[in-house]
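For the numbers below, each heavy atom of this structure counts, side chains included, while hydrogens, waters and symmetry mates do not. Just so it is clear: chains get the letters A, B, ... in the order the sequence lines come, proteins before strands, and each one is counted from 1.
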Amino acid sequence: MLATVTLLAGVALPACVTVRPEQREVLADPAMIFGSGGDAEAHEEHVLSNREGSVGGGASTGGGCGCN
Amino acid sequence: MRLQLIQHRLAPWIVVGIALAAVGVRAEGGEVDVGATLFHEGGGPLNMTVITPSVRGRVDPVDELTIRLGWDADIVTGASVAVVDAPGARPDAITTATQLEDLRNVFSGGMELRSDYGSLRAGYSYGFEHDYTSHALTLGARAELFERNTTFDLSFAHAWDSVCDVAQPRMQDPVERRRLPSSTGCFSSSNTDLASREVALNSFQGSWTQAWAPIFVTQLTLSAQLVDGFQSNPYRAVWLGRSSAQEHHPDHRFRYAASLAGRLWIAPISGALHAMGRAYRDNWGVQSLSAELALEEVIDGALRIRARGRYYAQSGAAFYSDDYALSPRGQYFTGDRELSTMSSVLVGGQISYTFSAGVDGPVAGFMSSLALLLKADWLHSEFPQFHYGSAAVPNRDAVIVTLSLEAEI
């Protein structure tokens, strides 16, 4: 029980430590934003999901594979 | 007849497109992305080329609402092996390479509602090719907490897919099943020699994005996918010793993955270091690990250069065998090289330039920004336990090149 509470506190407390809005200039740069790769990133994920035996960690909902 | 069918399929999208354009005239903002990706894999008699053009549009009728429409296609040409390990005059020859062509279209649409605390989104896509159709519905929600330093995102997708196959007798033993020779006549009600096999996909994903410092952010992603239905390649057969049969995969697959990614801003180079690790496993026995490292540099805010490397390794499926005639692995058999032990290395680069509206007014008179992007990757794969007869996989190298243009209005 104590370990669970400690683990949850360890996860939750740092999450409350905020970066103030005036400090967010760098975080707003596309280089720091996950998923900002747009179509090029989506196309590559499509290719790799059809060339490897695993998917996940990204969005993939079927739709054929051009693999015949 | 074919033209009428295409018009029938496209008509709703044309209506929606016109409606969206009409809304866009009075919209708060919008974006149009046009791009194309070329994938080419070659080596020996086997090769595969896929050209993927895409057009996507986004309109914000009001600040709180975004409407999206998109179209993608896969134009596929190549040569693949129809009967894996079939005996031939030369034991090391790939004797059954066959030419293939296909065209896959995907139309998609969706909307997103936003507030200061998060967003809700829904989307639908319809994909079709000669031998495969897919309807997919996606729902998602995002919550932004602690002055947007913490973001939780949940999404669910369900897809109803149909695969063309030979009308196999219901009680026929899998080792007697024939492969589909071509897509001619697929999904035609008058062709009783062919049948439609169903696949249902349920995908769940959750992510936690956390800004830990003004220069450091991480993202933890957990995803799971349940696939239920026909998952073999209907065209591919496997040599079993005395004869060949259409490959036979289990009907149920449960896949799950976890990834942890981080981005660190490095002020002296005005750029960001990206790192990502991912672990995956499924109930077919495939386990994989991948690691990725990238460095992106921003020059004068407009020019961006990115270099990237990725390593991937996986184990084979529990029922995979390199030779089912000598070493069968239970009731299932496959000729899919992506179900064998494999590894791959990807290295690449990307360059983009963004023209932004300035004191002279909008770009070209109507755009707030225009971004051009060129991306190129080289992918090398190794399949140490997969052979065509005694020949190693010849087509292990591929290039992926993307050119795109994004206009924000």
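Closest approach of A:R24 to B:A211, counting heavy atoms only: NH1-CB, 4.5 Å. A:G53 approaches B:R253 most closely through the heavy-atom pair O-NH2, 3.2 Å. Shortest non-hydrogen contact noted between A:A31 and B:W265 is CB-CZ3, 4.3 Å. Across all their heavy atoms, B:S344 and A:E52 have their closest contact at OG-OE2, 3.5 Å.
With a 4.5 Å cut-off on non-hydrogen atoms, B:D336 does not touch chain A at all. Proximity to chain A (any heavy atom under 4.5 Å) is shown, for B:S340, by neither the backbone nor the side chain. The contact between B:Q219 and chain A is made by backbone and side chain atoms together, counting heavy-atom distances below 4.5 Å. Residue contact with chain A, scored on non-hydrogen atoms closer than 4.5 Å, involves the side chain of B:L373 exclusively. Contact of B:T37 with chain A is made through backbone and side chain together, with heavy-atom distances under 4.5 Å. In this structure, no portion of B:R179 lies under 4.5 Å from any heavy atom of chain A. B:Y256 does not touch chain A: none of its heavy atoms, backbone or side chain, sits under 4.5 Å away. The parts of B:A261 that come within reach of chain A are both its backbone and its side chain, each placing non-hydrogen atoms under 4.5 angstrom from that chain. With a 4.5 angstrom heavy-atom cutoff, B:L379 touches chain A only via side-chain atoms. In this structure, chain A has a heavy atom under 4.5 Å from the side chain of B:R337, while its backbone stays farther away. Contacts of B:E41 with chain A are made by side-chain atoms alone, with heavy-atom separations under 4.5 Å and no backbone atom involved. Of the atoms belonging to B:T218, it is backbone heavy atoms, and not side-chain ones, that fall under 4.5 Å from chain A.
Put simply, the side chain of B:V50 does not reach to within 4.5 Å of the side chain of A:V47, judged on heavy atoms. Under the 4.5 Å side-chain criterion, counting only non-hydrogen atoms from C-beta, A:R51 is not in contact with B:S381. Between B:D74 and A:H46 there is a side-chain heavy-atom pair separated by less than 4.5 Å. A heavy-atom distance below 4.5 Å is found between the side chains of B:P214 and A:V19. With contacts defined as side-chain heavy-atom distances shorter than 4.5 Å, the pair A:L48/B:L346 qualifies.
A distance-only check finds no donor-acceptor pair linking the side chain of A:H43 to the backbone of B:V401 [under 3.5 Å]. Remark: side-chain polar atoms of B:E147 are not paired, donor with acceptor, to backbone N or O of A:R20 under 3.5 angstrom.
Every residue was checked against the side-chain hydrogen bond (donor to acceptor under 3.5 Å, both in side chains) condition with B:S315, not counting sequence neighbours, and none meets it.
The CD atom of A:E25 sits 13.5 Å away from the CD1 atom of B:I215 when rounded to the nearest 0.5 Å. For the atom pair CZ (A:F34) and NE2 (B:H274), the distance works out to 8.0 Å, reported to the nearest 0.5 Å.
Of the listed residues B:D377, B:T209, B:V298, B:D282, the one with more heavy-atom pairs under 4.5 angstrom with chain A than any other is B:D377. Interface summary for chain A: among B:R308, B:M342, B:R306, the most heavy-atom pairs under 4.5 angstrom belong to B:R308.
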> Passes side chain to side chain contact (heavy atoms under 4.5 Å, CB included), B:F216 versus A:L27? Steps please.
Replying inline: CA-CA 8 Å; B:F216 182 53; A:L27 294 177; over 6 Å; no
>> Let's go through B:R278 and A:S54 carefully: what are the C-alpha distance in whole Å and the side-chain angles of both, what is the deciding distance for side-chain hydrogen bond (donor to acceptor under 3.5 Å, both in side chains) to 0.1 Å, and is it a yes or a no?
In response: CA-CA 11 Å; B:R278 188 190 72 156; A:S54 63; 2.8 Å; yes
>> Set out, in order, the CA-CA distance, both residues' side-chain angles and the distance that settles side chain to side chain contact (heavy atoms under 4.5 Å, CB included) for B:R304 and A:D29, then state yes or no.
In response: CA-CA 11 Å; B:R304 291 171 183 272; A:D29 190 284; 2.9 Å; yes
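For B:K375 and A:E44, the salt-bridge test passes: some basic side-chain N is under 4.0 Å from an acidic carboxylate O.
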